[in-house]
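A short worksheet on the structure shown next.
By convention here, the first residue in the shown sequence is residue 1. The figures that follow rest on heavy atoms only: side chains count, while hydrogens, waters and symmetry mates do not.
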Amino acid sequence: MYILTLGAHIVIIALVALDWHLHKPMYLLLASFSLLEVIYTTVTVPKMLDALLTRHKEISYASCLVQFYLLFGFGASENCLLAVMAYDRYAAICRPLHYTTLMSVKTSIHLAIGALVGGLLAAFPPAVWISTLDFCFPNLIDHFFCDYAPLLKLSCEDTTDGELAFIVMSWSVILGCFFLIMVSYTLIIFAVIRIPSTEGQKKAFNTCASHLAVVSIFYGTVIFMYIRPTSHIRFSIDKVISVFYCVVTPLMNPIIYCLRNQEFKGALNKALQILENKKHPRMGK
């Protein structure tokens with residue numbers, strides 16, 4: 001599943017980079033999201049596979065902190081980028097005459113970079129605070145990666161203030177981005193309802209269906225995991241949910257996007273045809 005995930009997202013990034021027909025804001029944002037998915041998955045899954053295959057289940061203190069920071073940093077970046085992608089769909093459907101002004105290629109690149117930087121900055125204070133904690137022996141993490149709640153469980157100190165700060169940060173990033181996405185889609189629904197033809201309504205909804213499916217899966221797991229008090233956490237359930245959003249969801253996202261997008265499927269078929277022609281060149285007379 002990990003190899004398939006990497007392969008699918010790398011194909012998306014390569015197609016958007018090489019096919020000039022896909023040099024549009026929507027596809028540039030999709031390629032940026034795929035890049036984040038590759039990094040986000042690579043932060044946790046290789047170490048988990050190493051533990052399963054070799055039974056070497058140790059991780060150094062520094063590596064644990066880096067994993068924690070990158071996991072939450074790129075996770076927060078994905079939240080921000082999904083909000084940007086929702087704004088892109090709003091601009092395309094609700095403001096079609098101004099779309100090229102609101103979402104130029106340059107603007108989409110700046111917004112993608114802003115989402116990345118914003119996510120990494122949001123995760124920095126919790127990572128710094130975690131690094132100041134003292135951890136009790138035997139330092140056994142009840143998880144397959146360095147997640148927030150299992151690390152708190154190991155601490156010998158009172159973590160009440162830190163927990164509150166983390167909850168505020170989580171609510172601000174996750175629910176803030178989710179609110180912006182819901183506002184965008186509410187405006188999109190009102191705009192689509194006003195389209196007189198059924199065919200036009202169907203076409204408009206189809207442009208949003210893939211993104212909306214990814215948002216539903218992503219936020220369904222993330223809100224369950226992080227928008228709740230840590231005292232109510234059951235690690236056995238959390239590990240199952242974590243596997244879903246660290247392994248399953250990143251594999252599903254490119255399938256959802258590519259199967260429903262005719263332009264992307266056309267670019268993929270074109271690339272496969274070029275590869276086939278290079279492998280079996282036609283002989284001229």
Side-chain angles (χ1 to χ4, degrees), residues 1 4-5 8-9 12 25-41 44-45 71-72 74-94 103 108 111-112 115-116 118-119 122 147 170-193 201-228 233 237-265:
M1 290 179 72
L4 285 173
T5 300
H9 286 292
I12 290 175
M26 181 175 75
Y27 297 110
L28 291 173
L29 292 174
L30 176 58
S32 301
F33 187 74
S34 287
L35 180 60
L36 287 179
E37 288 276 61
V38 168
I39 300 171
Y40 183 76
T41 308
T44 55
V45 176
L71 179 75
F72 283 94
F74 287 110
S77 297
E78 286 193 0
N79 276 276
C80 297
L81 191 57
L82 284 172
V84 171
M85 293 168 79
Y87 172 74
D88 172 68
R89 294 299 82 211
Y90 157 77
I93 293 173
C94 300
M103 282 298 293
S108 64
L111 289 172
L116 173 62
D147 203 358
S170 299
W171 282 55
S172 299
V173 174
I174 297 172
L175 294 184
C177 292
F178 185 68
F179 174 75
L180 293 175
I181 291 170
M182 289 300 100
V183 169
S184 296
Y185 275 103
T186 300
L187 295 173
I188 287 171
I189 289 170
F190 282 123
V192 170
I193 290 173
Q201 290 180 350
K202 184 179 178 181
K203 184 178 178 181
F205 273 124
N206 281 339
T207 62
C208 303
S210 299
H211 180 256
L212 197 56
V214 170
V215 166
S216 301
I217 296 169
F218 182 86
Y219 280 100
T221 54
V222 170
I223 288 176
F224 175 83
M225 285 292 295
Y226 298 109
I227 307 300
R228 55 179 175 161
I233 288 176
I237 297 175
D238 278 14
K239 279 180 275 193
V240 176
I241 302 298
S242 297
V243 168
F244 191 83
Y245 73 75
C246 286
V247 181
V248 179
T249 303
L251 177 60
M252 292 172 61
N253 288 344
I255 297 171
I256 293 169
Y257 272 115
C258 297
L259 288 181
R260 294 193 61 87
N261 191 294
Q262 295 299 326
E263 195 169 7
F264 197 90
K265 283 197 291 186

Can you name the residues that form a side-chain contact (heavy atoms from CB on, under 4.5 Å) with [X], not counting sequence neighbours?
X: Ala122; value: Met169, Val173
X: Ala213; value: Ile256
X: Met182; value: Phe178
X: Ser34; value: His9, Ile12, Ile13

Under a 4.5 Å cut-off applied to non-hydrogen side-chain atoms, are [X] and [Y] in contact?
X: Ile188; Y: Cys208; value: yes
X: Leu29; Y: Leu81; value: yes
X: Met26; Y: Arg89; value: yes
X: Val45; Y: Met1; value: no

At what distance, to the nearest 0.5 angstrom, does [atom1] of [X] lie from [atom2] of [Y]?
X: Leu30; Y: Asn253; atom1: CG; atom2: CG; result: 9.5 Å
X: Lys239; Y: Asp147; atom1: NZ; atom2: CG; result: 11.5 Å
X: Ile174; Y: Phe218; atom1: CD1; atom2: CZ; result: 7.5 Å
X: Cys94; Y: Ile189; atom1: SG; atom2: CD1; result: 10.0 Å
X: Phe74; Y: Thr44; atom1: CZ; atom2: OG1; result: 12.5 Å
X: Glu37; Y: Met252; atom1: CD; atom2: CE; result: 11.5 Å

For this session: Apply side-chain contact (heavy atoms from CB on, under 4.5 Å) to the pair Ile181 and Tyr90, showing each step before the final yes or no.
Result: CA-CA 9 Å; Ile181 291 170; Tyr90 157 77; over 6 Å; no
Problem set entry | Pairs touching residues 172-187 that satisfy side-chain hydrogen bond (donor to acceptor under 3.5 Å, both in side chains), sequence neighbours left out |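 Qualifying pairs: Tyr185-His211.
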Problem set entry | Residue pairs fulfilling side-chain hydrogen bond (donor to acceptor under 3.5 Å, both in side chains) with at least one residue in residues 75-87, sequence neighbours excluded | Asn79-Tyr219
